[in-house]
> 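Encoded as structure tokens, here's the structure I'll be asking about.
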Protein chains: 2
Amino acid sequence: MKIVFLGTGGTYPSKARNVVSIAVQMPGEVVMFDCGEGTQRQLMRSSVSFMKISRIFISHLHADHFLGLPGLIQSMSLNGRESPLRIYGPRGVAKTVSSLLNLGYFKSGFAVEARDLKPGTRLDFGTYSVECVEATHSIPSLAFSLEEKARPGRFDVRKARRLGVPEGPLYRRLQGGKAVEVMGRKITPEMVLGPSRPGRKVVYSGDTKPSNRIVALARNADVLIHDSTLHSEHSALAARFGHSTAAEAAAVAKRAGAKMLFLVHLSPRYVGHAVVEREARGIFPEAKVAHDLSEHFVRFRD
Amino acid sequence: MKIVFLGTGGTYPSKARNVVSIAVQMPGEVVMFDCGEGTQRQLMRSSVSFMKISRIFISHLHADHFLGLPGLIQSMSLNGRESPLRIYGPRGVAKTVSSLLNLGYFKSGFAVEARDLKPGTRLDFGTYSVECVEATHSIPSLAFSLEEKARPGRFDVRKARRLGVPEGPLYRRLQGGKAVEVMGRKITPEMVLGPSRPGRKVVYSGDTKPSNRIVALARNADVLIHDSTLHSEHSALAARFGHSTAAEAAAVAKRAGAKMLFLVHLSPRYVGHAVVEREARGIFPEAKVAHDLSEHFVRFRD
């Protein structure tokens with residue numbers, strides 16, 4: 001699993017940062033969080049194939065989080081995409097996507113299905129799920145948790161041998177979670193597999209003030225990507241516009257027991273970022289300011 | 001007058017080129033032609049003040065020519081703009097701008113006035129005018145000519161002295177086009193000024209096949225900026241989608257007697273551009289492929 005930060009700035013783009021968009025490269029598909037203006041060009045500069053994007057989760061309907069959708073959809077269409085694209089977001093996203101698809105003379109060559117999500121919804125996509133909770137912003141806004149399903153435990157070859165299972169296809173069946181029969185005796189996966197191993201978990205806050213719901217959502221996350229619009233010296237401004245300071249983002253990561261924190265949605269006023277990163281690291285040492293087009297590999301824990 | 005090429009690519013952005021947008025820095029204001037996705041970020045990278053943009057002319061309603069409008073308007077608004085912004089384009093532009101202003105939760109803090117133009121319209125803005133003609137594309141599309149009014153002729157100091165006009169405020173009145181009285185005798189500007197001098201003229205084709213109307217519009221232009229989506233080896237493709245080849249753009253410039261030709265809207269397939277430029281120069285030596293963020297000063301002819 002690879003996180004690619006396509007845009008890491010807030011409100012409007014700067015020379016250094018495009019507005020926010022985060023791609024998560026999963027096995028065989030790409031899941032995206034937010035899609036600000038210019039995201040398609042950031043994709044072309046990145047290692048991510050924009051044709052592999054299966055689902056886009058929009059945190060909220062402020063322009064810097066969704067204006068990249070129509071251009072991206074159009075370019076997918078011009079490049080011959082046929083498979084449907086799924087877009088999810090808070091109340092109003094389906095209507096907005098419908099407006100975006102009816103601008104000018106554009107007609108998508110593939111289905112675009114947009115769905116309003118109620119906070120608390122958990123969507124099951126087979127090998128992973130996405131859960132959303134309500135964030136604390138000036139308009140309806142969602143935070144998302146993408147979590148892989150647990151993987152089967154490690155295969156214990158010694159146990160399998162002791163039970164008389166011959167090496168080969170039966171090993172693979174057991175690893176795949178299916179029982180086999182060996183000399184009239186039923187061997188179940190539990191008899192040869194160790195405890196199941198947790199999948200990876202990535203949480204994205206969207207735009208938000210510090211929120212207990214997001215602390216709960218981000219419990220033990222491998223990576224928390226959190227609003228960090230301002231430094232604490234502007235905490236009143238952050239609160240007024242429904243954003244977090246770097247210190248607040250760090251406190252959320254710490255309380256959640258996240259392994260790692262990436263700070264995003266930095267105000268265009270921060271040309272350098274050292275002051276923001278330093279503030280967060282004072283509270284949560286595993287904090288980093290995310291940079292446009294930087295990548296982070298999320299490894300399994302064991 | 002300075003032309004700043006903000007985006008020079010066609011259809012969708014590439015690493016090398018953003019989609020099309022051209023700013024013309026005039027005395028005290030900026031006039032823009034087309035505004036593809038990501039234009040506001042290109043502006044931030046350029047020497048142009050995006051707050052000084054007074055008027056935007058949209059050639060047609062294909063997404064790569066107008067999707068930058070809502071983000072740009074939003075950023076102008078967030079930066080406290082109060083003066084109205086005028087947008088002009090072909091039939092349908094007013095409706096599209098109205099849709100763009102009603103996406104998500106956006107509310108502009110200043111007036112945005114959009115107006116559908118009939119081909120053949122000439123708009124007078126005091127020191128300059130903009131005329132449009134119908135281009136030849138797959139949907140209604142306009143080409144624009146921006147032309148400064150003629151400037152008064154040069155002031156002939158020797159003639160003024162001979163007529164007894166004292167140096168000082170009366171010189172300025174005469175230069176400003178007003179008659180003065182010297183010792184009971186009326187002196188008119190024509191008596192001391194040379195022939196009036198032509199203003200500068202910049203023509204933008206938008207997306208189009210070669211067109212006689214654009215040849216006429218671009219008569220004696222200082223700069224013609226023309227669709228040059230493809231090389232002649234793909235001329236069938238260019239014709240099919242309502243575009244010009246580099247050779248066709250060059251022939252239009254030559255027939256119009258333009259002083260200089262900039263090729264824009266290059267297909268993303270052209271990573272290098274030498275082949276396109278070479279083709280145009282074979283027909284019109286003053287042809288150049290425009291590059292993102294490059295600038296061209298348009299000087300007076302005398």
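Letters A, B, ... mirror the listed sequences (proteins, then strands); counts begin at 1. Note that the coordinates shown come from a computational prediction; the quantities given were computed from them, not determined experimentally.
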> Return the option, out of Gly92(A), Gly38(A), Ser138(A), Pro268(A), with the maximum number of heavy-atom pairs under 4.5 Å with chain B.
Gly38(A)

> Among Asn79(A), Val93(A), Val19(A), single out the residue with the greatest number of heavy-atom pairs under 4.5 Å to chain B.
Asn79(A)

> Taking all heavy atoms of Ser244(A) and all of Ala249(A), pick out the closest pair and write down the distance.
CB-N, 4.4 Å

> Under the salt bridge (charged side-chain N to carboxylate O under 4.0 Å, His left out) rule, what do Glu29(B) and Lys52(B) come out as? Steps first, then yes or no, please.
CA-CA 5 Å; Glu29(B) 65 177 311; Lys52(B) 292 271 177 67; over 6 Å; no

> Thinking salt bridges, do Lys2(B) and Glu295(B) make one under a 4.0 Å N-O criterion?
yes

> Taking the ring of Phe144(B) and the ring of Tyr204(B), is the distance between their centroids below 6.0 Å?
no

> When the aromatic ring centroids of Tyr88(B) and Phe57(B) are compared, is their separation below 6.0 Å?
yes

> Nearest 0.5 Å, what's the CG-CG distance between Asp64(A) and Leu67(A)?
8.0 Å

> Quick check on the structure: residues of residues 94-103 of chain B within a heavy-atom distance below 4.5 Å of chain A, by number.
Thr96(B), Ser99(B), Leu100(B), Leu103(B)

> Is any side-chain heavy atom of Asp292(A) closer than 4.5 Å to one of Gln42(A)?
yes

> Measuring heavy-atom distances to chain A, does Tyr105(B) have an atom under 4.5 Å in its side chain, in its backbone, in both, or in neither?
both

> Quick one: list whatever passes side-chain contact (heavy atoms from CB on, under 4.5 Å) with Gln40(B), sequence neighbours left out.
Tyr12(A), Pro13(A), Glu37(A), Met44(B), Leu72(B), Ser75(B)

> Can you tell which part of Ser14(B) gets under 4.5 Å to a heavy atom of chain A, answering side chain, backbone, both or neither?
backbone

